[in-house]
Amino acid sequence: MIRFGPSGNSESFYEQGNKSSVQMPKWLKNIGLNAYEYQCSKGVKISEEMSVQLGRSAAENGIFLSIHAPYYINMASEEKEKRDNSIRYILETLQAAKWMNAGRIVVHTGSCSKVSREWALKTAVEVLKEVIEQADAMGFGNIAICPEVLGKINQLGTLEEILEMCKTDERLIPTVDFGHLHARGMGCLNSVPDFEKVIAQIENSIGSDRLNRLHCHFSRIEFTSGGEKKHCSMRDTQFGPEFEQLAEVIYRKGLEPVIICESREFMAEDALLMKNIYDKVAGGM
Ligand SMILES: [Zn+2]
């Protein structure tokens, strides 16, 4: 099943009087969505009790849960202490995922503004191996870790780098943020063949099984020569990429990804727009 949902909570969720993320699964089901990415981007602060409640509500409402790990993770830091802390933050995110019964966590890999790309990649792979070893020992082995394609040029996380990392272990599933790819490539995604190329690259690199279960982020994006500037909403039509082009490729190849919308403020509304676009593409082909 293909899944659509928001990253975090829309403005409208709060405007309608909701207060806690525990209320999100039911709210999402009511508007017709079936995935939710819980944000721990500023730190893993959620309690065990709330995690369990959120997980229970997600199961009752048929919502696929993932968690976004803290933004400040840097697996490619020159400082060992920062790399060790990054391992700890990832394990904390996995612990919350375990409580929630979430299937995936999304992880930013780090920066290569102070080190070479080669060193950064090699170091991040070593850190990931350490994470996996510890995750197994702690009983988190069934949760997929999803390193993300990042949007700024000086971040570790080109599609090639993320795929290279994912070759380390079968349970690593790439998070392909198409907005970030578009920003990194100075607006490179403009047609169905452009998206087909990306999908083929993933398949050739890590095979069709993980391609089928891909984790995707999608939103329109504004960029500069440094890459990502900011995520925009579907109504900001002056910025790409166009979801319809990706929808066509997903449908034709019969993929079943989880698609998380990271639009500003309107992430749930835009996730629904994307679902509708997909349904229209699927109905018309
Ligand atoms: Zn992210």
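In listed order, ligands and their atoms are each counted from 1.
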When His68 is tested against each of Glu148, Glu37, Gln39, Arg104 for side chain to side chain donor-acceptor pair (under 3.5 Å), which residue passes?
Glu148

With respect to the Zn ion (ligand 1), please indicate if His108 possesses an N, O or S atom at a distance under 2.8 Å.
yes

Could you name each residue pair satisfying side-chain hydrogen bond (donor to acceptor under 3.5 Å, both in side chains) that touches residues 135-145, not counting sequence neighbours?
Asp136-Arg171

Donor + acceptor pair across side chains of Tyr36, Asn9 (<3.5 Å):
yes

Val125 and side chain to side chain contact (heavy atoms under 4.5 Å, CB included): which single residue from Lys167, Met165, Glu161 fits?
Met165

If I consider every N, O or S atom in His68, which one ends up closest to the Zn ion (ligand 1)? I only need its name.
NE2

Would you mind naming the N, O or S atom of Glu148 nearest to the Zn ion (ligand 1)?
OE1

